[in-house]
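Every chain is numbered from 1, with letters handed out A, B, ... down the list of sequences.
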Number of protein chains: 2
Amino acid sequence: MASHTRRRVRAADVAKAAGVSPTAVSFAFNPRETGNISPETKQRILDTAERLGYEPNHVARSLRSQTTHSIGMVTDSVASSPFGGRLLAAAAERAEAAGHIMLVMDLHSRDEREAAAIHELERRQVDALIYASMGFRILSSGPRTYLPVVLANCTAEREDELSVYPDDAYGATRALEHLADLGHRRVTMLSGHWNPLGPRDNQGNISGPLRRDAFLAAARSRGVEATIIEGGWDIDDGYHAAMSALDRPSDQRPTGLFAVTDRSAVGAMLAAARLGLDVPGDLSIVGFDDQEKMAENTVPPLTTIALPHARMGEEAVAMALAAVAGETIVDRRRALPCELVVRESTAPPRWSLTAPPR
Amino acid sequence: MASHTRRRVRAADVAKAAGVSPTAVSFAFNPRETGNISPETKQRILDTAERLGYEPNHVARSLRSQTTHSIGMVTDSVASSPFGGRLLAAAAERAEAAGHIMLVMDLHSRDEREAAAIHELERRQVDALIYASMGFRILSSGPRTYLPVVLANCTAEREDELSVYPDDAYGATRALEHLADLGHRRVTMLSGHWNPLGPRDNQGNISGPLRRDAFLAAARSRGVEATIIEGGWDIDDGYHAAMSALDRPSDQRPTGLFAVTDRSAVGAMLAAARLGLDVPGDLSIVGFDDQEKMAENTVPPLTTIALPHARMGEEAVAMALAAVAGETIVDRRRALPCELVVRESTAPPRWSLTAPPR
DNA sequence: CTGTTAGCGCTTTCAA
DNA sequence: TTGAAAGCGCTAACAG
């Protein structure tokens, strides 16, 4: 094996080569107001450093400055979720832009590991902690630590905890209004139930009821007849729910469907195909999530509500950094809008080309 | 805001409280062969440490021992891919079990950031590097660094680079054999083409041709008539490919379909539904990937070939750790088998209940 | 403007 | 078996 032993060059080496003291080197790399060095010296040092391939040793710097420029992320399986990784990726990118790095601890759906994970992150002296949940939940309290924490894709009962989460109600409202604007007067929602004991990766996820209630409220205020079918979140759940909603005479059949997830929407498309219903001709479908490689690629492409995963990751890091800097943060709870993405699975109902019903 | 300023307790504090020297504390936490302390002293120290809530400072320890117990992971968007996150999560878990932690740098599909990312990881003194690709690719050479590197979900032309990747050919062979064993004599594969300039997240992905060639070879050796339709990897691609394969008289129609991805398989299911074909009655479908919340939840549940993402993550970490420890690694390239997962989308073809064709 | 010096908190020879 | 002292590589008072 090749010799990996190329000894790293230290500040002292650069100092000697440039004929200055280690302090000067430090100053060259950490510009400051007062007690500065002359531009020429600085340039000479930087050149020498470059020539020697000098890189400040981050560990030594961290020990001295008591800040590691790193942010810990503990996730209850976000990293392994179908789209939650976007949150992590966006957070990592935002952190990097600020000279920080993300340390990841995935709980892998085993809560008892939480304390240990946080402990480890504390030992590693991370500057702050982001706690990301896979499903949108309300925690009775944030993780116990002396570090600044921001909750991502979840929030806490205590109002002073820092958190970013999706505004599900806003998204569901957008969905109904889109359908209503198109002229639909009878719609049904394939809803995801709230299940405190459900599959671990969806435990206590409250997006379902949030979306349902907002959808219902919006329907009421727009005078649209709305029905709810409670069910699960996956393709098969959507399929079965849609089957029961659609397998009936056309004058009783909804013309618009709002699925609690894109996966459920795909199931609904399958059901429609089985029933010989054209989308969007006979039936409009709106999903939720804007899941990658999914919503965009259904046939026809799915109109849906986008979950702001990337923005949550960015905001979480921004808040964490602000907290570290000791800034006062005004909006400690940030609900990010879930915006409508119009594609081709929605259209005016057929009858609207002739005359509205009733 | 609560006082976050609870000063950390140091080894010296414990030493004083226990009436020993800092050295003794260090010994208590780092058991060694020689130069040891008495069991009683050790116990007393440990108790005191516990009582005071002492945690060795990882940064100081790293500086001293020149090892950070951390592994850098640079990904060309694995973290943000629909299932690649599993690789990261598994790696993180495996690393944690060995007292290491993962530092993540997501390139976010911008290659020019690669050098900078690796640089940053070097500065942070990670012990080793895992380079994970989203699609299975063959790199002309691994990333340039003095650190030990292992390639995950990709490999390099040079034979001595460490890598773990899926054995696509094995998986495709399994798929055909499953179909053949069921009695299918006419099958078609919805293949994913190799596209060196394709969408960035799939650039140079070589899984398509690998799967196709193996499938074809297996078909030949089993005397099965196989057709290929080249196309893309997503739901819509599978839909269109399946439409062209299936929209014909039943005596010319394949009875089995092998889709290059689970997404493509979902598209094929949609097409089958449109055409009034029953799965698996009229048509058996096999996917590839075993994508989470997808393969398991189609209607009917999809028989597929599982990509070993979790195992890749684990093996990558194991290899990295072995390399750090200076162990000689024998199989430097590890192709992990993609195993068949039988669910309900495959069955014997209808005619086999009566008589085989021809 | 520049250099000397003293740590950050820990590990580890070496001597007691 | 235990402790004193040096030092990992860097930063930041304080002098010069």
Side-chain angles (χ1 to χ4, degrees), chain A residues 5-46 48-49 52-70 99 122-127, chain B residues 5-46 48-49 52-70 99 122-127:
Chain A
T5 36
R6 186 185 79 181
R7 192 162 132 312
R8 280 182 63 105
V9 7
R10 292 154 307 169
D13 301 327
V14 177
K16 196 177 317 172
V20 295
S21 78
T23 310
V25 177
S26 175
F27 281 178
F29 277 85
N30 310 303
R32 49 186 7 76
E33 302 301 303
T34 159
N36 223 327
I37 56 181
S38 71
E40 304 83 59
T41 320
K42 177 171 177 178
Q43 196 50 53
R44 184 156 43 92
I45 293 173
L46 259 21
T48 318
L52 265 41
Y54 168 71
E55 296 283 343
N57 181 316
H58 196 95
V59 177
R61 183 181 271 191
S62 295
L63 177 59
R64 182 66 237 232
S65 60
Q66 299 291 37
T67 164
T68 54
H69 285 258
S70 58
E122 288 176 344
R123 277 164 31 91
R124 300 227 175 214
Q125 313 272 93
V126 297
D127 299 338
Chain B
T5 35
R6 187 186 79 183
R7 194 161 130 313
R8 280 183 63 103
V9 9
R10 291 153 309 168
D13 301 326
V14 178
K16 196 177 315 170
V20 295
S21 78
T23 312
V25 177
S26 176
F27 281 177
F29 277 85
N30 310 301
R32 47 183 13 71
E33 302 301 304
T34 158
N36 223 328
I37 55 182
S38 69
E40 305 82 58
T41 322
K42 178 170 177 178
Q43 195 51 53
R44 183 156 42 92
I45 294 173
L46 259 23
T48 319
L52 265 42
Y54 169 70
E55 296 283 342
N57 180 317
H58 196 95
V59 176
R61 183 181 268 192
S62 294
L63 177 59
R64 182 66 236 236
S65 58
Q66 299 292 37
T67 164
T68 54
H69 284 258
S70 59
E122 288 176 345
R123 278 165 30 91
R124 300 221 175 220
Q125 313 273 90
V126 298
D127 298 340

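For B/L63, whose side chain is taken as the heavy atoms from C-beta onward, the closest listed nucleotide among D/dG9, D/dT2, C/dT11 is D/dG9. If you check D/dG9, C/dT12, D/dT11 against the side chain of B/R64, the one that comes closest is C/dT12.
An OP1 or OP2 oxygen of C/dC10 is reached within less than 4.0 angstrom by no side-chain nitrogen or oxygen of B/N57. Between B/Q66 and C/dT11, a side-chain N or O to OP1/OP2 separation shorter than 4.0 Å is absent. Phosphate contact (OP1/OP2 of C/dC8, side-chain N/O of A/S65, threshold under 4.0 Å): absent.
At a non-hydrogen distance threshold of 4.0 Å, B/T23, B/S26 from residues 19-26 of chain B come into contact with DNA chain C.
Note: CD1 (B/I45) to C1' (D/dG3) measures 12 Å, nearest angstrom. D/dT1 atom P lies 10 Å from atom CD of B/E40, rounded to whole Å. Between the CG atom of A/D13 and the C1' atom of D/dG9 there is a distance of 11 Å, rounded to whole Å. Between the CZ atom of A/F27 and the C1' atom of C/dT4 there is a distance of 12 Å, rounded to whole Å. Between the P atom of C/dC1 and the CD atom of A/Q43 lies a distance of 16 Å, rounded to the nearest Å. If you take CG of B/N30 and C1' of C/dG9, they are 13 Å apart, rounded to a whole angstrom. The distance between atom CD of B/Q125 and atom C1' of D/dC10, rounded to the nearest whole Å, is 12 Å. The separation between A/R10 atom CZ and D/dC8 atom P is 7 Å, rounded to whole Å.
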Do any side-chain atoms of residues 15-30 of chain B form donor-acceptor pairs under 3.5 angstrom with protein atoms, and if so which ones, sequence neighbours left out?
residue : atom : partner : partner atom : Å
B/S21   : OG   : B/T23   : N            : 3.2
B/S21   : OG   : B/A24   : N            : 3.3
B/S26   : OG   : B/N30   : ND2          : 3.3
B/N30   : OD1  : B/R61   : NH2          : 3.4
B/N30   : ND2  : B/S26   : O            : 3.0

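The side-chain hydrogen bond (donor to acceptor under 3.5 Å, both in side chains) check on A/N57 picks up nothing, with sequence neighbours excluded. Under the rule for a side-chain hydrogen bond (donor to acceptor under 3.5 Å, both in side chains), B/Q66 has no partner lying at least two apart in sequence or in another chain. Listed by chain and residue number, nothing satisfies the side-chain hydrogen bond (donor to acceptor under 3.5 Å, both in side chains) test with B/T48 (two or more places apart in sequence, or in another chain). Considering only residues two or more places apart in sequence or on other chains, B/R124 meets the side-chain hydrogen bond (donor to acceptor under 3.5 Å, both in side chains) condition with A/H58, B/E120.
For the atom pair CG (A/D13) and CZ (A/R10), the distance works out to 4.5 Å, reported to the nearest 0.5 Å.
Residue-level contact check: A/Y54 touches the backbone only, with heavy atoms under 4.0 Å from sugar-phosphate atoms and none from bases. Looking at heavy-atom distances under 4.0 Å, B/S62 makes no contact with the nucleic acid at all.
For the pair B/I45/B/K42, no side-chain contact is recorded, criterion being any heavy-atom separation below 4.5 Å from C-beta on.
Taking every heavy atom of both residues into account, B/T68 and B/S62 meet most closely at CA-OG, 3.6 Å.
Along DNA chain D, the nucleotide nearest to A/A11 and the one nearest to B/P39 differ in position, and the one closer to the 5' end is contacted by B/P39. Both B/A60 and B/T41 lie near DNA chain D, and the one whose nearest nucleotide falls closer to the 5' end is B/T41.
Fit an axis to the five pairs at each end of the helix from C/dC1-D/dG16 to C/dA16-D/dT1 and the two axes sit 40° apart, to the nearest 10 degrees.
The backbone N or O of B/H69 sits less than 3.5 Å from a side-chain atom of B/D127, completing a donor-acceptor pair.
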